[in-house]
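Accompanying notes for the structure given below.
Remember, it's a predicted structure, so these values are computed and weren't measured experimentally.
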Amino acid sequence: MPKNSKVAKREFDDEVIESVKDLLSNEDSADDAFKKSELIVDVQEEKDTDAEEGPEVEDERPAWNNKLQYILAQVGFSVGLGNVWRFPYLCQKNGGGAYLLPYLILLMVIGIPLFFLELSVGQRIRRGSIGVWNYISPKLGGIGFASCVVCYFVALYYNVIIGWTLFYFSQSFQQPLPWDQCPLVKNASHTYIEPECEKSSATTYYWYREALDISSSISESGGLNWKMTICLLASWVMVCLAMIKGIQSSGKIMYFSSLFPYVVLVCFLIRALLLNGSIDGIRHMFTPKLEIMLEPKVWREAATQVFFALGLGFGGVIAFSSYNKRDNNCHFDAVLVSFINFFTSVLATLVVFAVLGFKANVVNEKCIAQNSEMIIKFLKMGNISQDIIPHHINLSAVTAEDYHLVYDIIQKVKEEEFPVLHLNSCQIEDELNKAVQGTGLAFIAFTEAMTHFPASPFWSVMFFLMLINLGLGSMFGTIEGIITPIVDTFKVRKEILTVICCLLAFCTGLIFVQRSGNYFVTMFDDYSATLPLLIVVILENIAVSFVYGIDKFVEDLKDMLGFAPSRYYYYMWKYISPLMLLSLLIASIVNMGLSPPGYNAWIEEKASEEFLTYPLWGMVVCVSLMVLAILPVPVVYVIRRCNLIDDSSGNLASVTYKRGRVLKEPANLEGDDTSLIHGKISSEMSSPNFGKNIYRKQSGSPTLDTAPNGRYGIGYLMADMPDMPDMPESSDL
């Protein structure tokens, strides 16, 4: 018997009853007799071929151990470093508490509907992003490849940030913390404070000079920073070991990596609330500035944050959901994960501003003490009359309220001479208004605040361990967005692919651990993901709503979930979300065009940042990143449109799942002679009888429409079966 027939026969013998039950579950509910029927298969022949040909058939698709593990994986992927150091910054910058309103509106309009869409297609088709979008529309199959490219770009620099965090974590087991004070420089004659540190601050100096040992521009490589190279290697080893067995290894780690950050955030919030000034920080954070809400920039930044907070377009959401059971309620998952993400952002914002409020209070007290000494000096010199100072105020131990009273009096009395005195108002709001985000928040502002904590090393260890877990949770989803589609498509071993992917990423990532590496992180963060991901998600929406058909998709959801999703999603997917995404894309392009492409360079002589534009080769790299990320979409479209590659055998669309197994269609499929249990042609099938019935695909059904577990707009007919009711010839169940 031909080899294909043997493989198909073995498949037929093993799981045909299960597969038929799957298919029967998709038939109309009225066909009760049809549903209750069984298909009995003679399993006596060719048992020996199982042992011989077993390795040629793919093992069952992995599945989550339980629902909690899956939810934690999705939460771990969506809740990342941006929730801690990006969302609080946007809140402060865009109206405080008023920013939450546009964010919530856009979460409902863009976030949840598109998150639900990605969860649905992944769970229904049970493949990674390449297989899913190739199945939905082969000409748009490049969407999946584009997602993989973007995931790779993001993984390159995201793991560098985890490496930075590992370095700070390793340095936190010291008392005092190494960034607590400026280092002293000794020479033959005397000892003095490091000038670069004295001009900036201890934490700023430690970040730029001790940790990064940064160069003055992106053109000055400066060689590898070996401390960060070792940390980068350690972070990739951690990711590789966690991902090497897929969800079966990473899923168990999710229990810790996803839950531990919440423990730390709650502990930080409780501790911060017991410190002076924390309430001032929270009050400043949530004081709404309603007038700012009317600015288009606020809505654009809120939409961008919603978009990236949920990990849309990366492929990780699709990859994780593809390991779900087919009847899982993914609508509930979409709403739950979206709101967990939102409330995590709010919790992180409370923690950040409670800590920054404490830091601002410490800085403000120092400011008041220094300026009070200046006032005392002016009083002794006679520049300021003692008579204008209220008698109840002791400038040697002045409170903030008393200082502000004295400051206002001096400002009124010395109206013309006041600027010459160089006195500072020392308002705590001025310190809180210094907006910081990203690495500036985590490695400078927050670390400085923790130096004032009692038992500061403990809190530093907890903080950076939290950041490591947040980063790893997102990295697991990002890498899964690369590994799962490739494994599904090209049938390579997951362990080998994971090791190769991590090794290649580490070698490529060495550009980020040069002395100029921080500037490359900024470049990749600005240009490798934003526009390409927006385009990817727009194409995803178009592919489902207009190419595949929104009505058919809603019917498929009803069949999969057991209930019809709200009509709200129909209008969101078809009209509102595409328009909002297109508006966001145009706004992002305009903003990118108006903003000069550049980066903030650290100038050692000035001990401060200075904005520099990218050199010509840097501009080329920026454009290349965006082009390479989106290039697979037009390439695959042209290939499929012009039939440049023979799709008759082994193509992506000719692979289908049968309860966790992948079955490949043979190259010689011909119309009605095609069997759902692939591998047999009609000449090799025995004549229909009760013991050996073949479940047949409807005549004329195109090969590309074969769907996992049955239905995606294609109907099935049973071969003539005795003692069974006749089936209506419906072409679309």
[X]-[Y] aromatic ring centre distance below 6.0 Å:
{"X": "F524", "Y": "Y519", "value": "no"}
{"X": "F169", "Y": "F463", "value": "no"}
{"X": "F418", "Y": "Y407", "value": "yes"}
{"X": "W179", "Y": "F443", "value": "no"}

Would [X] and [Y] count as having a side-chain donor-acceptor pair, cut-off 3.5 Å?
{"X": "Y208", "Y": "E609", "answer": "yes"}
{"X": "N341", "Y": "N83", "answer": "yes"}
{"X": "T344", "Y": "Y262", "answer": "yes"}

Under the 3.5 angstrom rule, does the side chain of [X] hit a backbone N or O of [Y] as a donor-acceptor pair?
{"X": "R209", "Y": "I214", "value": "yes"}
{"X": "H452", "Y": "K359", "value": "no"}
{"X": "N94", "Y": "Y99", "value": "no"}

Quiz item: Which is it for Y168 and F446 under the ring-ring contact (aromatic ring centres under 6.0 Å, His included) test, yes or no, and what are the steps along the way?
Solution: CA-CA 12 Å; Y168 268 79; F446 220 88; over 10 Å; no
Give, for atom [atom1] of [X] and atom [atom2] of [Y], the distance between the pair rounded to the nearest 0.5 Å.
{"X": "Y103", "Y": "L90", "atom1": "OH", "atom2": "CG", "answer": "9.5 Å"}
{"X": "L432", "Y": "I282", "atom1": "CG", "atom2": "CD1", "answer": "11.0 Å"}
{"X": "N591", "Y": "R300", "atom1": "CG", "atom2": "CZ", "answer": "3.5 Å"}
{"X": "Y527", "Y": "M592", "atom1": "OH", "atom2": "CE", "answer": "6.0 Å"}

Quiz item: Is the closest side-chain heavy-atom distance between L312 and L533 below 4.5 Å?
Solution: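 With C-beta onward as the side chain, the pair stays apart.
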Quiz item: Side chains of C240 and F506: does their closest heavy-atom pair fall under 4.5 Å?
Solution: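 No - every pair of side-chain heavy atoms lies 4.5 Å or more apart.
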Exercise. Considering only NZ, NE, NH1 and NH2 on the basic side and carboxylate oxygens on the acidic side, decide whether K606 and E610 come within less than 4.0 Å.
Key: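 Salt bridge between K606 and E610, a charged N being under 4.0 Å from a carboxylate O: yes.
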Practice problem: For the pair D525 and T522, evaluate side chain to side chain donor-acceptor pair (under 3.5 Å) and give the outcome as yes or no after the intermediate values. | Solution: CA-CA 5 Å; D525 191 35; T522 302; over 6 Å; no
Exercise. Apply salt bridge (Lys or Arg N to Asp or Glu O under 4.0 Å) to K297 and list each qualifying residue two or more places apart in sequence or on a separate chain.
Key: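 K297 satisfies salt bridge (Lys or Arg N to Asp or Glu O under 4.0 Å) with no other residue.
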